[in-house]
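Letters go in sequence order (proteins before strands), and every chain restarts at 1. As the structure is a prediction and not an experimental result, all values here were calculated from the model.
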There are 2 protein chains.
Amino acid sequence: MQIILWPRDEYETRLARIRREMEASSTDAILLSDNANIYYLTGRVFAGYAYVPLKGMPVYFVRRPVELEGDGIVYIRKPEEITESIGMSAPASIGLELDVTPYSTVTRLAKVFPGSELKNASPVMRAVRAVKTPLALKMLRESGAKHTRVYKRIPGLFQEGMSDYDLQVSIEHLSRMQGCLGQFRISGDTMELYMGNVLAGRNADSPSPYDFAMGGAGMDPSLPVGADGTLITPDTTVMVDINGNYNGYMTDMTRVFALGTLDPLAVKAHQCSIDIHHALCDMMRPGTPAKALWEKAEEIVMKADLKPYYMGHRQHAGFIGHGVGIEINELPVIAPRSRDILQEGNVIALEPKFVIPKVGAVGIENTYIVHADSVECITLAPEEIIYFDK
Amino acid sequence: MQIILWPRDEYETRLARIRREMEASSTDAILLSDNANIYYLTGRVFAGYAYVPLKGMPVYFVRRPVELEGDGIVYIRKPEEITESIGMSAPASIGLELDVTPYSTVTRLAKVFPGSELKNASPVMRAVRAVKTPLALKMLRESGAKHTRVYKRIPGLFQEGMSDYDLQVSIEHLSRMQGCLGQFRISGDTMELYMGNVLAGRNADSPSPYDFAMGGAGMDPSLPVGADGTLITPDTTVMVDINGNYNGYMTDMTRVFALGTLDPLAVKAHQCSIDIHHALCDMMRPGTPAKALWEKAEEIVMKADLKPYYMGHRQHAGFIGHGVGIEINELPVIAPRSRDILQEGNVIALEPKFVIPKVGAVGIENTYIVHADSVECITLAPEEIIYFDK
């Protein structure tokens, strides 16, 4: 089994991007152990460490799996064995993933590099991963196409008397049968979500502890997010936000379904979400500040007089979009105090949503690729509210 | 919404247990933010921090959800606001969850307690959670009963021509319809698994990077574990290790299914696993060193001449059992260098397994409660190899 699964030029591109960011932050070497970062560089996941010096060959310190092949592989049992291999050429500064690696682990790893200044490699890798390579974009389009196929079949899954949970389980099953990998990668371990979120009616207004755009009470207090068993009843909505990870890169998409006749306020708010998407698509170009997108959306919402329902009702989310790729929460963040500036190759999930009391959640989410002078939507299911009974 | 969801006496018991371990490690206060630990204490998950001083009232610093009610709740936007609330009564030492909280977060939180010595609260909470309360045991029995019902229906899910992946998706769907919460809580973020593992035939011998007892190549290099699409064919086995989290406490169970006629070596190894379970059940009493269990199992395996296949073939796992509860990897660990000593109230998943080349994985896993003078198995599906075609 080759340790590097990307084509050679893809691997070289990724390595060069990492080194460019390392150089910009004066980091002489980084040691990656986060699965998402190791996958970014190698195209696979292994247990161990990828050591990338600014100059010279990367070294892969592997604990598991056995039998990996390729240049620069050193099998180790514990990180202390790294010292011997690095030896005389210890870097002046070593970047570790301080934003995701536990304190105890960092303390132990730092001792492996006794003479090196400790730097934070997390911003380096976040910056690198925010700009997708052409191959990553191809993978994202593939995930988006499969994701879209599943969403188009959701109306066929609905049966009268279903709860939001029943519908969620049906969509999960369909997704898995279409090859969805299931596992939902989130940076940091404080957010937990099982394959996405289906919210019916009043449950959309249940506040959740997790930092997702919409809440939901969940089925059990140990996992208070999403479907809570609310029946799908006339004149209410069901919002479907099920993840789209069909390879190592995932797309994010939300659509709204309904029964009966909705309060015109809900219909208006749904249209407002679509209007926001259109307006922001015109702005999403390299150089645009992420917060300008947030402000534009805010302006549209205020004009439409929908502020009390925007991004939640009893509880409001603080962002309306986020980068997506190997993990669901990548850069840029579309939020009022974001300092991110859009770049060509960003992949952004926009999710301006509303919660209408007694009706439910409305609004859509799409995943977009930012090109030099256009944006490309890769989640192409119909955007209007789909009525199961019409 | 009450912040404390456990019955009052359960909450008091849990608080007292935490304080006993704090006292033993000379920790004056702990600040918990890990979802698993917050759930342990309160019976719910919230975003924020549970501050537990050795004496005096706990304070709950909450970021989300809104509208929580109860004693000692302080809503905050950022951890720096904790300082004001704690104020004059800053503890001499503060325990943070150093083994799971990212380095950057710990550094930030430590500044909230400028005069306090930094201690590690992770061992405190691991020790507390290793011994289950009677209510936790009740929840574990409930999960075990639902888990068992699902396993008993697996033969009815099998259809000719299925791959391991197809069977896995069917079992996942059945589990979800029975109320399985899906989300698989693992301490630390280096292990990733989507709802469990189904391994057919040769794929059982594929080495995986993750620290699970069995491997599997997975469906995509971004998640290299478990089912890889291997067809379920005559004279091979399918090992099913799908998780059983039907409330905040989960059980762990593995069973083996097969088609055709198995190599006698596989049949012998499966029986050896059952024999190991019986032998270890006789030893699992308070006071037994965890490593004595590992050694006894090793002895049985050596006598049966099955060592090359034990706990993997191309790659071997380093443990044969583990505590289970809110997370899948709790204490005690049944491994050669484990220093854990069994206690009444431990809940242990034992999984002595074998990989037989060309046949697949065999052996069973059960979850046991350690009582004062007995063990109680709470995963009660039939233990023999079940032949789909007989």
Side-chain angles (χ1 to χ4, degrees), chain A residues 1 5 33-35 39 43-48 63-67 96 98-107 120 122 166 168-169 172-173 176-177 179 181-183 185 188-190 192-195 206-211 215 219-224 245-249 314-315 326, chain B residues 1 5 33-35 39 43-48 63-67 96 98-107 120 122 166 168-169 172-173 176-177 179 181-183 185 188-190 192-195 206-211 215 219-224 245-249 314-315 326:
Chain A
M1 304 193 295
L5 293 185
S33 59
D34 184 50
N35 289 338
Y39 177 72
R44 74 152 63 245
V45 171
F46 63 84
R63 287 190 291 118
R64 275 184 308 269
V66 295
E67 305 172 7
L96 301 179
L98 303 185
D99 295 351
V100 294
T101 311
Y103 183 90
S104 302
T105 308
V106 168
T107 306
N120 191 354
S122 292
D166 298 331
Q168 165 143 5
V169 170
E172 287 171 7
H173 187 224
R176 289 284 281 158
M177 286 197 297
L181 299 174
Q183 188 77 15
R185 281 209 174 96
D189 62 356
T190 56
E192 298 171 308
L193 185 62
Y194 180 77
M195 228 180 135
S206 303
S208 162
Y210 302 107
D211 195 12
M219 297 295 289
D220 187 271
S222 67
L223 193 65
N245 55 333
Y246 293 81
N247 52 49
Y249 281 88
R314 281 162 65 192
Q315 176 169 303
I326 300 171
Chain B
M1 305 192 295
L5 292 185
S33 60
D34 184 51
N35 289 337
Y39 176 72
R44 74 152 62 245
V45 171
F46 63 84
R63 288 190 292 118
R64 274 182 309 268
V66 295
E67 305 172 9
L96 301 179
L98 303 185
D99 295 351
V100 293
T101 311
Y103 183 88
S104 303
T105 308
V106 168
T107 306
N120 192 354
S122 291
D166 298 330
Q168 166 143 3
V169 169
E172 286 171 7
H173 187 224
R176 289 285 280 158
M177 287 198 296
L181 299 173
Q183 188 77 16
R185 281 210 173 95
D189 61 357
T190 55
E192 298 171 307
L193 186 62
Y194 179 76
M195 232 182 132
S206 303
S208 161
Y210 302 106
D211 196 13
M219 297 296 287
D220 187 272
S222 67
L223 193 64
N245 55 332
Y246 293 81
N247 52 49
Y249 282 87
R314 280 163 63 193
Q315 177 170 300
I326 299 171

Closest non-hydrogen atom pair between [X] and [Y], with its separation:
X: B/P209; Y: A/R64; value: O-NE, 2.9 Å
X: B/Q183; Y: A/L223; value: CB-CD2, 3.6 Å
X: B/P221; Y: A/G43; value: CB-O, 3.4 Å
X: A/Y39; Y: B/D220; value: OH-OD1, 4.5 Å

Sub-4.5 Å side-chain heavy-atom contact between A/V45 and B/P224
yes

For residues B/S104 and A/D99, determine if any side-chain heavy atom of one lies less than 4.5 Å from a side-chain heavy atom of the other.
yes

Heavy-atom pairs under 4.5 Å with chain B - which of [options] has more of them than the others?
options: A/S222, A/S122, A/S208, A/S33; value: A/S222
options: A/V106, A/D166, A/T107; value: A/V106
options: A/H173, A/R44, A/R314; value: A/H173

[X] versus chain B, the contacting section by heavy-atom distance below 4.5 Å:
X: A/Y249; value: neither
X: A/R185; value: side chain
X: A/I326; value: neither
X: A/N120; value: side chain
X: A/L5; value: side chain

State the CE-CE distance between B/M195 and A/M195, to the nearest 0.5 angstrom.
10.5 Å

How far does CZ of A/R176 sit from CE of B/M219, to the nearest 0.5 angstrom?
8.0 Å

Toward chain A, the part of B/L193 with a non-hydrogen atom under 4.5 Å
backbone

Given the options B/L96, B/T105, B/V169, which has more heavy-atom pairs under 4.5 Å with chain A than any of the others?
B/V169

B/Q315 vs A/E67, test: side chain to side chain contact (heavy atoms under 4.5 Å, CB included). Steps then yes/no.
CA-CA 9 Å; B/Q315 177 170 300; A/E67 305 172 7; over 6 Å; no

